[in-house]
**Student:** 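After the C-alpha cells below, expect a handful of questions from me.
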Amino acid sequence: MACSALTQPLFNLKLLHSNPTPRKKPLQAFISYTQRRTRPCSSYNSHFKANFPTFPKLPLLSGRLSRFNVGVQKVDASGEEGDSLVSDATHQEKYTLSSVILPFLFPALGGLLFGYDIGATSGATIALQSPELSGTTWFNLSAIQLGLVVSGSLYGALLGSLLVYPIADFLGRRRELITAAVLYTLGGLTTAYAPALGVLLVGRLLYGLGIGLAMHGAPLYIAETCPSQIRGTLVSLKELFIVLGILLGYFIGSFQIGVVGGWRYMFGASAPIALIMGLGMWSLPPSPRWLLLRAVQGKGLLQDYKEKAVLALSKLRGRPPGDKLSERQIEDTYVSLKSAYADQEPEGSFLEVFQGPSLKAFLIGGGLVLFQQITGQPSVLYYAGPILQTAGFSAASDATRVSVVIGVFKFLMTSIAILKVDDLGRRPLLIGGVSGLALSLFLLSAYYKFLGGFPIVAVASLLLYVGCYQISFGPISWLMVSEIFPLRTRGRGISLAVLTNFGSNAIVTFAFAPLKDFLGAENLFLLFGAISLLSLLFVLLVVPETKGLSLEEIESKILK
C-alpha cells in the first residue's frame, strides 16, 4: 500500500491512505497519532522508527504541549527518502534552574581545582625556595627539582589521561569524578604536610592524577545530564570555574606569601574544596546516557538499566521517582542508541576511536585542543609582566598583582563567551576569537621588531590576545570535545583529547625557553601568529556547528 508523509510547520501533518478518510484538524491528528500510534504502512513505519524514534512519545505536560519542532522527511511509495521539507530542531526540554545547578556545580569544582593548582603553584614555588619563609631545610632546590615541583601535576594529569582511556566506560562519569575528588584530597594533603621533597613530588603527582580524571569526567557528566538548549552555556561555564580557580590560587598565594611555611597552606587549601566535590558527586545519580550505553553494550539486564536511568533522570530534573515523562525520554533515548548501533558489535574495539565517525570526532576535538596550546597561550602570558612594565603600570613590579589583573580580565571575557555560546553558536565565536589571536600575535611581533616606542601597542595586543582566547579556544574547545564524540566511544575519545591537550601543553612549556633563545621574542610571536592562521583555516574547513542539537543528533547528522 502506497503512503507518504508531508509536513507543514508546525503540526500540519497529513497521512494519505489509498482509501481516503475524513480529514482531521492538525492538532487532532497529532494527538490521535500519539495516543494510538497507528501507522499506515510498513514502509512508512520502518522509515519513521529509524529516523524519528522520539516523535511518538513527545510529552504532554499539564495538558499543554511542550514547545518543539518536528522535522519529517518525505517518503515516496517505494520507501525512498526524499529531500527534507523541514529542518530538524531539538526538542526544547522543560527544566527548572534549581534542577541543573547541582549537576553542574559539583563536576565544575573539578575544573576549579585544576585552575587553583595553576594559580597557587606560582606563589608556592616562590615561598618554597625562600630561606626565611620556606620553613624547611631543603629549600635550596635545583632547576630540575623546581621544574618537577611546578610540572608534577601536569605529568600526573598526563598519566591520569592514559589510565582512564581503557576504564572510562567501566567507571562511569560519576565514579570517575568521585575518584578524582579523592585524588585531589590526597594530593593536596600530602603536599601540604610533606616532610621532604620526595613526598612533595608524590603529592603533586597524586593531585595531577585527579586533574586528569576531573578534566575528562566533568565535561562528560555535564554534557550528558543537562538539557541540550543550555549545554553550551554550562560546559563553557566550567571554563569560567577554571579561571575562578586561578584567581583563587593567586589570592591565597598573595595572602600567604609572607607567612613562614605559607606554601603548605597554598597547596593544602585545595583539600576542603575537593572534599565538597566528592560528597556532592556522591549525592548525584549516574549519567542516564551512560546507563543506557551499558544497557546497549549488554553489561546487565536491560530492564534494570532502564529503571536506573529513569530514576537518575527523575532525580536530575527534580521530578517524582519514575515519573512518566522521564520514562518516555529514557525510552526515546534508548531507541535512538539501539538504532544507531543496530549493525555493530555491542561493545567497540579498543581502537574504534580511530575509525569512522569516532575518528572524525577525534580530528575535530583533538585538533581544537591541540591548537588551543600551540598558538602560544602559556608563552604569551609569560610576557605580561615585562609588557605592562614598559607601559608604565606600577602594578607590573609585582608579579602577583599582574597575574590578578590578567586573571580578572580573563574572567570577564570568559563570561561574555558563556552568555553568547548558545545564542551565537560555536563557530562564530571560534572564527572571531582565532582571527583576533592571529592579529594580536602579529602586533606583538611588530612591537618587538620596530614598534618599541609605542608600548600601548603591546598592552593592547596582550589584552586582545587574552580576550580573544577566552571567547574562543578557552571555553569552546572543551565544549566541542564534550559533545562531538559518539556515545559509544565518548569516554575513550575525550580521554585522548585530554591527553592531547596536556601533552601539547607539556611540549610547548618545555620548548618555550629554547625557542625564545633561538628565535627571539619577535620571531616567536610571528611563529605563533602563523600557527593561529593555520588554526583559523582548520576551524573554517573542519569544525561544524553543534548549537541546539542533542548529543544523538550531533552523532547522526554531523558524524555519519
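In what follows, residues are counted from 1 in the order of the sequence shown.
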**Student:** Within a strict 4.5 Å, meaning less than it, do heavy atoms of the D117 and S270 side chains meet?
**Tutor:**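 Counting from C-beta outward, D117 and S270 never come under 4.5 Å.
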**Student:** Should the pair F538 and F371 be assigned to parallel (<30°), tilted (30 to 60°) or perpendicular (>60°) ring geometry?
**Tutor:**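 F538 vs F371 ring planes: tilted.
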**Student:** What closest approach, in Å, do S482 and R490 show between heavy atoms, and which atom pair accounts for it?
**Tutor:**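 S482 and R490 have their closest heavy atoms at O-CD, 4.0 Å.
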**Student:** Using the side-chain contact (heavy atoms from CB on, under 4.5 Å) rule, take L515 and F528 through it: C-alpha gap first, then chi angles, then the decisive distance, then the call.
**Tutor:** CA-CA 11 Å; L515 282 174; F528 286 143; 5.6 Å; no
**Student:** Is any side-chain heavy atom of V149 less than 4.5 Å from a side-chain heavy atom of L197?
**Tutor:**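 Sidechains of L197 and V149: in contact.
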**Student:** How many angstroms lie between OH in Y250 and CE in M266, if you round to the nearest 0.5 Å?
**Tutor:**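 Reported to 0.5 Å precision, the distance equals 13.0 Å.
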**Student:** Quick check: closest heavy atoms across Y184 and I211, and the distance to 0.1 Å?
**Tutor:**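 Scanning both residues, the minimum pair turns out to be OH-CA, 3.4 Å.
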**Student:** Are the side chains of Y465 and T375 in touch, meaning some heavy atoms are under 4.5 Å apart?
**Tutor:**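 Yes; the side chains approach each other to less than 4.5 Å.
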**Student:** Can you tell me how far apart CG (L105) and CG (L234) are? Round to the nearest 0.5 Å.
**Tutor:**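 It comes to 11.0 Å.
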**Student:** For the pair Y221 (side chain) and F106 (backbone), establish whether a donor and an acceptor sit closer than 3.5 Å, ignoring hydrogens and angles.
**Tutor:**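 No, because the side chain of Y221 does not come within donor-acceptor range (under 3.5 Å) of the backbone of F106.
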**Student:** Could you check whether any side-chain heavy atom of W478 comes within less than 4.5 Å of a side-chain heavy atom of V498, counting everything from C-beta outward?
**Tutor:**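 Yes, at least one pair of side-chain atoms sits under 4.5 Å.
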**Student:** Enter the distance from S142:OG to L148:CG here, rounded to the nearest 0.5 Å.
**Tutor:**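 If I round to the nearest 0.5 Å, the distance is 8.0 Å.
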**Student:** If you look at every heavy atom in L370 and S504, which pair is closest and at what distance?
**Tutor:**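 In this case the closest contact between L370 and S504 is CD1-CB, 3.7 Å.
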**Student:** Under 30°, 30 to 60°, or over 60°: which ring-plane class applies to F255 and F251, parallel, tilted or perpendicular?
**Tutor:**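 Ring orientation of F255 relative to F251: parallel.
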**Student:** For W138, does the CH2 atom have more than 12 heavy-atom neighbours from other residues, nucleotides or ligands under 6.0 Å away?
**Tutor:**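 Correct, the count exceeds 12.
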**Student:** Given side-chain contact (heavy atoms from CB on, under 4.5 Å), test L412 with I416 step by step and report yes or no.
**Tutor:** CA-CA 7 Å; L412 293 175; I416 294 174; 5.9 Å; no
**Student:** Main chain of W282, side chain of R174: is a donor-acceptor contact present, judged purely on distance under 3.5 Å?
**Tutor:**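 Yes; at least one donor-acceptor contact below 3.5 Å.
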**Student:** Using a 3.5 Å distance criterion without hydrogens, assess whether the side chain of Q373 forms a donor-acceptor pair with backbone atoms of N501.
**Tutor:**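 Pair absent, no side-chain N/O of Q373 close to backbone of N501.
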**Student:** Taking side chain as C-beta onward, heavy atoms only, is I418 less than 4.5 Å from E239?
**Tutor:**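 Side-chain contact under 4.5 Å: no.
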**Student:** Which heavy atom of A417 sits nearest to which heavy atom of L429, and what is that distance?
**Tutor:**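 That closest heavy-atom pairing would be O-CD1, 4.0 Å.
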**Student:** Rounded to the nearest 0.5 Å, how far does SG of C468 lie from CE of M413?
**Tutor:**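 Nearest 0.5 Å value for the CE-SG distance: 6.5 Å.
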**Student:** How far does CG of L441 sit from CG of L526, to the nearest 0.5 angstrom?
**Tutor:**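 One finds 9.5 Å between CG of L441 and CG of L526.
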**Student:** Check whether any side-chain N or O of S440 sits under 3.5 Å from a backbone N or O of L437 as a donor-acceptor pair, and report yes or no.
**Tutor:**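 Yes, because the side chain of S440 sits within donor-acceptor range (under 3.5 Å) of the backbone of L437.
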**Student:** Would you call L368 and I484 a side-chain contact if the rule is heavy atoms closer than 4.5 Å?
**Tutor:**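 In short, these two side chains do not touch, never coming nearer than 4.5 Å.
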**Student:** What I'd like to find out is whether the side chain of R294 reaches to under 4.5 Å of the side chain of K308, using heavy atoms alone.
**Tutor:**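 R294 vs K308: side chains apart.
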**Student:** Do K238 and P219 come close enough that some side-chain heavy atom pair is under 4.5 Å?
**Tutor:**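 With C-beta onward as the side chain, the pair touches.
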**Student:** Minimum heavy-atom separation for R231 and D422, please, with both atom names.
**Tutor:**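 Closest approach of R231 to D422, heavy atoms only: N-OD2, 3.9 Å.
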**Student:** For atom CG of D517, is the number of surrounding heavy atoms from other residues, nucleotides or ligands below 6.0 Å larger than 12?
**Tutor:**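 Yes - once you tally the heavy atoms of other residues, nucleotides and ligands closer than 6.0 Å, there are more than 12.
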**Student:** Are the side chain of T489 and the backbone N or O of R492 linked by a donor-acceptor pair below 3.5 Å?
**Tutor:**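 It does not hold such a pair.
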**Student:** side-chain contact (heavy atoms from CB on, under 4.5 Å), that's the test. Do W263 and L200 meet it? Break it down for me.
**Tutor:** CA-CA 11 Å; W263 61 271; L200 175 65; 4.0 Å; yes
**Student:** Between H216 (side chain only) and G491 (backbone N and O only), is there a donor and an acceptor less than 3.5 Å apart?
**Tutor:**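 Yes, the answer is positive, given that a donor and an acceptor are paired below the 3.5 Å cut-off.
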**Student:** Please check this pair: side chain of R175 against backbone of F170, looking for a donor-acceptor N/O pair closer than 3.5 Å.
**Tutor:**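 Here the side-chain-to-backbone pair exists.
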**Student:** For a quick test of reading the model, state the closest non-hydrogen atom pair linking Y207 to L113 and the distance between them.
**Tutor:**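 Heavy-atom minimum between the residues: OH-O, 2.8 Å.
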**Student:** Report the residues that fulfil ring pair (Phe, Tyr, Trp, His ring centres under 6.0 Å) with F114, sequence neighbours left out, ordered by chain and then residue number.
**Tutor:**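 With sequence neighbours excluded, F114 shows a ring pair (Phe, Tyr, Trp, His ring centres under 6.0 Å) to F502, given in chain and number order.
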**Student:** Nearest 0.5 Å please: distance from the CG atom of L496 over to the CG atom of L162.
**Tutor:**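 Between atom CG of L496 and atom CG of L162 there are 9.0 Å.
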**Student:** Counting distance only, does the side-chain N/O of R264 pair as donor-acceptor with the main-chain N or O of A194 below 3.5 Å?
**Tutor:**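 Checked: pair present.
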**Student:** Less than 6.0 Å separating the ring centroids of F241 and F104?
**Tutor:**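 Ring centroids of F241 and F104 are less than 6.0 Å from each other.
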**Student:** Applying side-chain contact (heavy atoms from CB on, under 4.5 Å), run through Y155 and L158 and close with a yes or a no.
**Tutor:** CA-CA 5 Å; Y155 294 115; L158 277 169; 3.9 Å; yes
**Student:** Backbone N or O of S532 within a donor-acceptor pair of the S535 side chain at under 3.5 Å?
**Tutor:**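 Yes.
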**Student:** Would you confirm whether R289, through its side chain, and T225, through its main-chain N or O, come within 3.5 Å as a donor-acceptor pair?
**Tutor:**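 Here the side-chain-to-backbone pair does not exist.
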